[in-house]
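Single-structure report; data block below.
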Amino acid sequence: MSKAAQLAALIGSGQAQGDKNLIINGAMTVDQRNQTTTATGYTVDRFHVANVNFDELVIAVTQDTDNPSGNGFANSLKLAVTTAESAIAADELLYYNTRLEGQNLQQLCYGTSSAKSLTLSFWVKSPLAGKHAVNFYQTTPARSNLQSYTVSSANTWEYKTITIDGDASGNIANDNSVELYVYWPLAGGSDYHGTPHTGWGAYSATDDFMFSDQVNLAGQTGNFFITGIQLEIGDVATPFEHESFAETLQKCQRYFQRYVSGANYTAFGVAQMGSSTNFKCAVEMVTTMRASSTFSASNTGINHGPQRAVTSFNTSYIGKERAWIDGTCAATGLSAQQSAVWNANNNSAAYIQFDAEL
């Protein structure tokens, strides 16, 4: 079947229409954390970096404006190696990943004879030409499918596509847990590569995570960029599904919500004092989160007359749609039953956040 006929079949089946992309924030437009990541952790929304056991490597991961011009992208995810690792030890590892919920993957029909093929497409700009890797990893049971792609020219935007067969022997639980990872292994020691199996198979970390002969992106200074990531059903890479910033943000807020003050005394909510030093405040999430989240905050205060710094929190209830925040503040003139404003403590970078990441 020609590519035109395949595309027509996809359009007819609805797979090439809205919400075809299983990846959230593949254009790297949403960056609620708005920070430089130098260790293991989340970067732009829905993308995670791991920097494991290196003793020399220094990285800086940020949202960037470098992009494949003329293809509709304004942003990319940039990993800068500012200090290289002279020799990679067996247990050292560097990678990106994004994580997908099982209940959003039931249409793949994994574990049945109707298991669907998947096509991953993306734009990449690597400081090294040569063999690179992508690893598709299922969690229950642990199964993987390691694939390679080749960068032809260093420091040049290139478009890549990878198609994998469906996994008739796999299983994807119908729940809100992570059931599929997509990894971009960037560098790793012998604990993570050996002789990988072909296609889908039982996962062995020492054989199947990455290729032993792929480029080592931790071994020299340089910048690795990626954007335009799309994962779709079928064996044809269709044009990237651009969506509005607001739509992408709402999808990302299922997993993480951060509210930054932007001004010195911006209000986060109306609180009631339970005593001269304790307050309670109800917070509504902007969208239902994946699961009960972890709460944290920085540089917040309480105002009822004089401003008082919040010194600690006791999160008595955090659900998927709302939270009941208990806090302690300095004792200066407040009393039980008074209303107060929970706000930024004279700090335009103050924030509160809820984390329900996979």
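Residue numbers count from 1 along this sequence. Quick caveat, the model's predicted, so the values are computed rather than measured.
Put simply, the side chain of E179 gets close to the backbone of A173: a donor and an acceptor are under 3.5 Å apart. Side chain of S261 to main chain of N264: no donor-acceptor pair is present (N/O by atom type, distance under 3.5 Å, no hydrogens or angles). Between the side chain of T221 and the backbone N or O of T83, no donor-acceptor pair lies under 3.5 Å. Here the side chain of S148 pairs no donor or acceptor atom with the backbone of K131 at under 3.5 angstrom. At least one donor-acceptor pair closer than 3.5 Å links the side chain of E158 to the backbone N or O of S153. Under the 3.5 Å distance criterion, the side-chain polar atoms of D207 are left unmatched by any main-chain donor or acceptor of P196. Remark: the backbone N or O of L128 is paired with a side-chain donor or acceptor of S126 at under 3.5 angstrom. For Q106 (side chain) and G102 (main-chain N/O), a donor-acceptor pair under 3.5 Å exists by modelled atom type. The backbone N or O of T150 lies less than 3.5 Å from a partner atom in the side chain of K160, making a donor-acceptor pair. In this structure a side-chain-to-backbone donor-acceptor pair under 3.5 Å is present from D208 to H197.
If you chain together hydrophobic residues whose side chains sit under 4.5 Å apart, F54 and L79 fall into the same group. One hydrophobic cluster holds both V61 and L94 under the rule that ILVMFWY side chains link at heavy-atom gaps under 4.5 Å. L57 and V215 fall within a single hydrophobic cluster, where Ile, Leu, Val, Met, Phe, Trp and Tyr side chains are chained together by heavy-atom contacts under 4.5 Å.
Between the side chains of N34 and Q32, no donor N or O sits under 3.5 Å from an acceptor N or O. Side-chain contact of W157 with D66: a donor-acceptor pair under 3.5 Å is present, judged by distance alone. Residues T287 and Q253 have side chains that never bring a donor and an acceptor to within less than 3.5 angstrom of each other. Side chain to side chain, T277 and T328 fail the donor-acceptor criterion of an N or O pair below 3.5 Å. Judged by distance alone, the side chains of E56 and S86 do bring a donor and an acceptor atom under 3.5 Å apart. With 3.5 Å as the limit, one finds a donor-acceptor pair spanning the side chains of T288 and E321. At a cut-off of 3.5 Å, with distance as the only test, a side-chain donor of S296 or Q353 sits close to an acceptor on the other residue.
The shortest distance between side-chain heavy atoms of Q138 and S144 does not fall below 4.5 Å. D165 is not listed as a side-chain neighbour of D167, based on a closest heavy-atom distance of 4.5 Å or more. Contact check for F224 versus P127: side-chain heavy atoms found under the 4.5 Å cut-off. When side chains are defined from C-beta on, T40 does not count as touching V49, because their heavy atoms never get closer than 4.5 Å. Counting only heavy atoms from C-beta outward, the side chains of V124 and Y159 never approach each other to under 4.5 Å. Contact annotation: the side chain of W123 never approaches that of F225 to less than 4.5 Å [non-hydrogen atoms, C-beta and beyond]. Under the 4.5 Å side-chain criterion, counting only non-hydrogen atoms from C-beta, E92 is in contact with E85. Contact annotation: the side chain of L118 never approaches that of I162 to less than 4.5 Å [non-hydrogen atoms, C-beta and beyond].
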Can you list the steps and then say if Y255 with E101 is a side-chain hydrogen bond (donor to acceptor under 3.5 Å, both in side chains)?
CA-CA 11 Å; Y255 304 92; E101 284 184 62; 2.6 Å; yes

Before you tell me yes or no, could you show the steps for D64 and K125 under salt bridge (charged side-chain N to carboxylate O under 4.0 Å, His left out), namely the whole-Å CA-CA distance, both residues' side-chain angles and the distance that decides it to 0.1 Å?
CA-CA 12 Å; D64 202 83; K125 182 178 178 180; over 6 Å; no

Any chance you could lay out the salt bridge (charged side-chain N to carboxylate O under 4.0 Å, His left out) test for R290 and E357, step after step, and finish with the verdict?
CA-CA 8 Å; R290 180 188 67 86; E357 293 284 6; over 6 Å; no

Can R322 and E284 be said to form a salt bridge (charged side-chain N to carboxylate O under 4.0 Å, His left out), step by step?
CA-CA 4 Å; R322 58 190 58 85; E284 295 285 330; 3.3 Å; yes

Show your reasoning for whether side-chain hydrogen bond (donor to acceptor under 3.5 Å, both in side chains) applies to E243 and T248.
CA-CA 7 Å; E243 59 188 13; T248 304; 2.7 Å; yes

Evaluate the side-chain hydrogen bond (donor to acceptor under 3.5 Å, both in side chains) criterion for residues T119 and T163: first the C-alpha distance (whole Å), next the side-chain angles of each, then the deciding distance (0.1 Å), finally the verdict.
CA-CA 4 Å; T119 295; T163 297; 2.9 Å; yes

What do the steps show when you test E241 against E232 for side-chain contact (heavy atoms from CB on, under 4.5 Å), and what is the final call?
CA-CA 10 Å; E241 183 178 27; E232 57 191 311; over 6 Å; no

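Y183 has its ring centre no less than 6.0 Å from the ring centre of F136. Ring to ring, F268 and Y259 are not that close: their centroids are 6.0 angstrom or more apart. Aromatic ring centroids of F122 and Y149 lie under 6.0 Å apart.
Cation-pi geometry between R99 and Y181 is not met at under 6.0 angstrom from the ring centre and within 45 degrees of the axis. Taking the centre and axis of the six-membered ring of Y137, the NZ or CZ atom of R143 falls outside the cone set by 45° and 6.0 Å. Judged by a 6.0 Å distance limit and a 45° cone about the ring axis, R33 is positioned over the six-membered ring of F256.
Applying the ring-ring contact (aromatic ring centres under 6.0 Å, His included) test to Y192 and every residue at least two apart in sequence or in another chain returns nothing. With sequence neighbours excluded, no residue forms a salt bridge (Lys or Arg N to Asp or Glu O under 4.0 Å) with D45.
Heavy-atom contacts from other residues, nucleotides or ligands closer than 6.0 Å to CD of Q250 number 12 or fewer.
Across I24, V44, N75, L249, a single residue satisfies side-chain contact (heavy atoms from CB on, under 4.5 Å) together with V30, and that is L249.
Here the closest heavy-atom approach between residue Q307 and residue N343 is recorded as NE2-OD1, 2.8 Å.
Using bins of under 30°, 30° to 60° and over 60° for the plane-to-plane angle, the ring pair F295/F313 lands in the perpendicular bin.
For residues 96-121, the ring-ring contact (aromatic ring centres under 6.0 Å, His included) pairs, not counting sequence neighbours, are Y110-W200.
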